[in-house]
Every structure is written in structure tokens, then in C-alpha cells.
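Both backbone and side-chain heavy atoms feed into the values below; hydrogens, waters and symmetry mates do not.
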Amino acid sequence: MEYLAQGMSVMDKLNILTDAAKYDVACTSSGVDRKGDGRGMGNTVAGGICHSFAADGRCISLLKILFTNECIYNCKYCINRVTNDVPRASFTPEEICELTMNFYKRNYIEGLFLSSGILKNPTYTMELIYKAIFMLRNVYHFQGYVHVKAIPGADERIIEKLGLIVDRMSINLELPTADGLKEIAPNKTRKMILKPMRQIQTGIVANKNELTLYKHAPKFVPAGQSTQMVIGATPENDYQIVSVAENLYQKFDLRRVFYSAFINVNRDASLPATLEGPPLLREHRLYQADFLLRFYGFRANELLSEDKPNFNTLFDPKCDWALKHLEYFPVEVNRADKHMLLRVPGIGVKSAERIVMARRHAILTFDDLKKMGIVLKRALYFITCSGRMMYRTKIDEDYISRNLLDVKERLPEGISRDGMTYKQVSLFDDVNFGFQNQIVGIG
């Protein structure tokens, strides 16, 4: 335990190890202090408090910290790499327990998110983490949510034991491809990362089978596993990244893939400069595409291809897909199946379910759709109600694109309407629709 004896106060450690954890995007940090004034309810603390979302949609607060920012690895993108001269600190298992319980008793948090650098070796570090969580569960009797980052290369037995007392585990893929990993995280390999990921997946499946026979059997990682990729540190395109995510969902049953826009915190000359800030728009588009993969029935090769490897900066991936596939539109909302409704811009998962339920009892109108929460300013170009479009609309990519961009919405930072590449058509192209403006029947 010589690594842990530092003569440092718990608050000093908390300041260092919450700051060191901020680059892990498995959940979002609040980032602010706000004291209650006695007239309202609640307050927030910046240090270590982050927000995550439960399966039922609730926003829950977690204590987000590293066990230690000491690390034997030298990943080029990581602020905690061994060659960096930064303040170092490590908690003891007892300090982790005391912090979690004290934050919980004050109603600051509902659970714990615990990651770590690597002390000595992966197994040694995971044993310390296991001791902390075991004490938290069995000595302090904490029954709240616990999410722990597993460390690739640790002994399989310690990962199995830990999986029986936490709710979620995650293993960072770090970078989208093996080549990228070799280049800027030389101490890690794709095989090293995927091995425990497969172990956790196999354990979850086996545990589900066991629970069908024995109701009171202990649960293994009941909230599933997730991973994280750094985006923009290596030259992969969006198509490669989305394809990797799709593969992970299919082969490892992941609950979530997180994307972290690269920030050159180490000012490493071998990595891309981020003078204009991290690629947040790209990160945003990847998250939008990720939702389409998980909830909307899209496949990676529908959204992008080798010929079109990156997302459109002007339109979200779903809208961009619809504009490129106008042969499927307009969709008749009173007859289309749920799969097709989910492909209409402006219609979400819950909205599609409401449409399917409501049309069993009545023929839907545009007023009905508006009450259901459909975003008509986007959907109106792609749908009909009883064979009629909401307005006289031309089913043409350039026409619809310009009208969507003309809606007074804030475009992503750095994107200008002046730079759009859609062809300019004349005023008469907009008003003289001709045969394209007829009522579309329910065929």
C-alpha cells in the first residue's frame, strides 16, 4: 500500500481526482457550484458530481472520481500519462466509502462512478477497487448505483468478483481502430481490451440463464456494459467509427457507446492541434447516428458509405438520409408501418408509437400529429395525412433542403447558410410546381 500513503487530505485528493476524471464522458459533469438560498430546493457541487440517466428516463447524480491518477501507461492523449508532470493522488478504499456515504447522506448523489489510472499493474489496481466496492456494499451497506471502469489486462477472477457487486461495468475501447491504438496508446492492444469485454458479455448471458432457474442468484453487471472512444485524435472517418460502434452493439451487446471529442491537453506535436476547439459538432453527429442504430432500425451502411464517409454538417444523419432517399416519401401516416415512420424527420420513437396506437381508433390529421409531439416543421415535407400534404410541397432535395435551412433555427457553430452547396433555383421553381404539386393519393 506504499502508493497510497501520501500525507494528503481527502479534500485535496478529491480536488485532484475529480478534475482528472472529467475527460471520461460516460456521463456528463454538472461543472458548477450553486448554493441554495433557503427559498428554493436543492443545490449542486462541481467537484465530482455528474449526471446520468436511468433506464426509466430519470436523471440521477453520481459521484464521479478516479481511484488514482497515478498511471504506468503513456497514452499520448491522456492527461494522466506517466510522463506528465501533474499533481498525483490516490484514495484508499476507506476514503472512497466515506466520500460516497457522506455525499449520499447529504442527498448530493444517488450513486458512484469510479474509474482509475493504473498503480503497479492492472490486477493490483482492480484489487484495490474491488476492496473499496466490497466494503461499500458489505460494511457500509450502500445499495445505490455503482458503475466501475474495468481495467484491461486485470486477472479475470477479479473482474468476475467485481461484476457481482456493481451495477454497470465499462471498458474503454479508447480509439476506433487497432492501428490508431498502436500509434498513440502503445501500452494497450485491441485484443487486451476486447478480452474482458467478451468476459463481461458472457457473464451477463450466463447470469440471465441462471436467474431463470434460481430467482435469488446474485446478479452479474445487471445494468450492462458500455465503452468510450476518443474521436479526432486519429484519422478514422465517421463511416469507420459508426461501423465499429455497430459491430460492438451486435457482438458484445453493449448498452452504450460514448464518443469523446479529442482535446490535445498534452500539446503533443504528434497529435492533431485543436486550436479551434474539440470537434464537438462531429461528436454530436456521431451521437445522433448512434441513436439511429440503437432505436430507429438504421444500419451503418445506410447512413454512410466509403463514397460518403462523413456526416453532413448542415443536417442531422436522419434528415440527411431522408433527403437522399426521397423515393420513399411522402409517407402516409395512417398506413405506414412503425419502421417507416421512424425514418421520417421530426418523428421520434415515442411519437411513432403514439401514431400506431391512435390510428387504430381514428384517422389522424396534422392537428392530431402536432398534439402528439411530431415536429411538423421538419416532418411536413415527408408525410401525408389521408393522402394530402400539409402544404403545397415539391418532393425535391434542393427545394426541401433550402426550406429546412430557412427555418429560423440556430445552425451549429461555425456553419453558415452561405456555405451550403445545394443549387440555387429561381423564384418560379418554388411557385410553379406543375404536376409535382398534385394531391398524393393513398396507394
Side-chain angles (χ1 to χ4, degrees), residues 176 229-246 249 257-262 272 274 276-331 340-349 351 374-383 393-425 429-430:
M229 288 188 275
V230 177
I231 303 304
T234 46
E236 295 89 2
N237 57 46
D238 294 342
Y239 182 46
Q240 289 175 291
I241 295 168
V242 174
S243 297
V244 168
E246 181 179 59
Y249 284 127
V257 175
F258 291 91
Y259 307 93
S260 176
F262 170 66
T274 54
E276 297 178 357
L280 296 178
L281 176 58
R282 187 184 187 195
E283 177 190 284
H284 180 58
R285 291 284 182 252
L286 287 166
Y287 274 117
Q288 290 175 320
D290 193 81
F291 271 76
L292 296 182
L293 295 178
R294 290 190 293 142
F295 303 119
Y296 288 76
F298 280 86
R299 299 187 305 276
N301 60 12
E302 290 182 283
L303 299 172
L304 295 171
S305 65
E306 292 182 1
D307 295 329
K308 184 188 176 245
N310 293 304
F311 288 115
N312 193 329
T313 56
L314 293 172
F315 297 111
D316 66 81
K318 183 179 176 184
C319 188
D320 189 52
W321 177 88
L323 289 168
K324 300 299 181 185
H325 294 85
L326 291 174
E327 66 272 18
Y328 295 114
F329 300 102
V331 169
M340 196 61 218
L341 289 172
L342 286 173
R343 297 190 168 226
V344 176
I347 297 182
V349 175
S351 300
I374 282 75
V375 184
L376 285 177
K377 64 185 177 183
R378 295 168 67 80
L380 68 89
Y381 303 100
F382 305 97
I383 59 173
T393 299
K394 181 163 58 173
I395 306 300
D396 174 80
E397 181 182 352
D398 298 298
Y399 170 79
I400 297 173
S401 299
R402 288 184 297 108
N403 277 277
L404 284 172
L405 289 173
D406 194 49
V407 175
K408 296 187 184 300
E409 293 181 342
R410 181 177 178 271
L411 290 178
E413 187 174 349
I415 302 300
S416 169
R417 288 180 175 83
D418 297 335
M420 62 182 260
T421 58
Y422 296 99
K423 71 181 182 182
Q424 182 67 41
V425 295
D429 287 328
D430 280 352

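When all heavy atoms of Val230 and Ala233 are compared, the pair lying nearest together is CG1-CB, 4.1 Å. Nearest heavy atoms, Leu293 versus Arg299: CD2-C, 3.8 Å. Of all heavy-atom pairs between Tyr381 and Thr393, the closest is CD2-CG2, 3.7 Å. Between Leu405 and Phe315 the shortest heavy-atom distance is CG-CZ, 3.7 Å. Closest of all the heavy-atom pairs between Phe311 and Leu286 is CE1-CD2, 3.9 Å. Residues Lys377 and Leu404 approach most closely at O-CD2, 3.9 Å, considering heavy atoms.
Atom CD1 of Ile241 is separated from atom CG of Asp290 by 11.5 Å, given to the nearest 0.5 angstrom. Taking SG of Cys319 as the reference point, atom CD of Gln288 lies at 10.0 Å (rounded to 0.5 Å). Here the OG-CG distance, from Ser401 to Leu323, works out to 4.5 Å after rounding to the nearest 0.5 Å.
In this structure, Gln240 and Pro176 have side chains that are not in contact, with every pair of non-hydrogen atoms separated by 4.5 Å or more. Contact of the Leu303 side chain with the Tyr239 side chain is not registered, since no non-hydrogen atoms from C-beta on lie closer than 4.5 Å. Put simply, the side chain of Tyr296 reaches to within 4.5 Å of the side chain of Val349, judged on heavy atoms. With contacts defined as side-chain heavy-atom distances shorter than 4.5 Å, the pair Leu304/Pro309 does not qualify. Looking only at side-chain heavy atoms (C-beta outward), Val331 and Met340 come within less than 4.5 Å of each other. Between Ser351 and Ile374 the shortest side-chain heavy-atom distance falls below 4.5 Å.
Salt-bridge formation is not detected for the pair Arg285/Asp238: no Lys NZ or Arg NE/NH1/NH2 atom is positioned less than 4.0 Å from an Asp or Glu carboxylate oxygen. Looking at Arg378 and Asp316, a side-chain N of the basic residue comes within less than 4.0 Å of a carboxylate O on the acidic one, giving a salt bridge. Salt bridge Lys324/Glu397: present, at least one basic N to carboxylate O contact under 4.0 Å.
Both tests hold for Arg343 against Phe298: distance to the six-membered ring centre under 6.0 Å, angle to the ring axis within 45°.
The closest donor-acceptor contact from the side chain of Lys318 to the backbone of Val344 lies under 3.5 Å. The backbone N or O of Tyr287 lies less than 3.5 Å from no partner atom in the side chain of Tyr259, so there is not a single donor-acceptor pair. Proximity of a side-chain donor or acceptor of Glu246 to a complementary backbone N or O of Ala300 within less than 3.5 Å is detected.
The one candidate from Leu326, Ile395, Ile347 that meets the side-chain contact (heavy atoms from CB on, under 4.5 Å) condition with Phe382 is Leu326.
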Run the numbers on Trp321 and Tyr328 for ring pair (Phe, Tyr, Trp, His ring centres under 6.0 Å), then give the verdict. CA-CA 11 Å; Trp321 177 88; Tyr328 295 114; 5.8 Å; yes

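Between Phe295 and Phe291, the two ring planes are tilted [angle within 30° to 60°].
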